Amino acid sequence: DAVRGDILEMQRFGLPDDYWATYAGTVRALTLADVSAQAERVLQPSRMTWVIVGDRAKIEDKIRALELGEISFLDADGNPVAAN
């Protein structure tokens, strides 16, 4: 099943026949600049929404110090909660 899955993946995405044979070497050859450039292109940090879960009393000051932007508080059902 694993081999069949790999072959289907190669076909689906138009990957070359030696894709899996060369995969590890390709990954090892990546530089930090390569990864950073793709992360910036794909993730678009300026459009991200952070979801942070935890004990508000213990983490709120640290989260605010990160200056990630506006903070909204939600209850377990996703309903807005007063910021206090």
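This is a predicted model, so every value here is computed, not measured.
- The ring-ring contact (aromatic ring centres under 6.0 Å, His included) check on Y19 picks up Y23, with sequence neighbours excluded.
- If you chain together hydrophobic residues whose side chains sit under 4.5 Å apart, W50 and V81 fall into the same group.
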Throw together a table of side-chain donor-acceptor distances under 3.5 angstrom for residues 2-11, partners on residues two or more places apart or in other chains.
none

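- Rounding to the nearest 0.5 Å places CG of L66 at 5.0 Å from CG of L68.
- Taking the side chain to side chain donor-acceptor pair (under 3.5 Å) definition, one finds that R47 meets it with Q44, sequence neighbours left out.
- Partners of T31 under the side-chain contact (heavy atoms from CB on, under 4.5 Å) rule, at least two apart in sequence or in another chain, are A33, D34.
- Residues meeting the side-chain contact (heavy atoms from CB on, under 4.5 Å) test with E60, sequence neighbours left out: R56, R64, F73.
- A distance-only check finds a donor-acceptor pair linking the side chain of D75 to the backbone of D77 [under 3.5 Å].
- F13 and V27 end up in the same hydrophobic cluster when Ile, Leu, Val, Met, Phe, Trp and Tyr side chains are linked at under 4.5 Å.
- From T22, atom OG1 reaches atom CZ of R28 across 11.0 Å, with rounding to the nearest 0.5 Å.
- Listed by chain and residue number, Q38 satisfy the side chain to side chain donor-acceptor pair (under 3.5 Å) test with R41 (two or more places apart in sequence, or in another chain).
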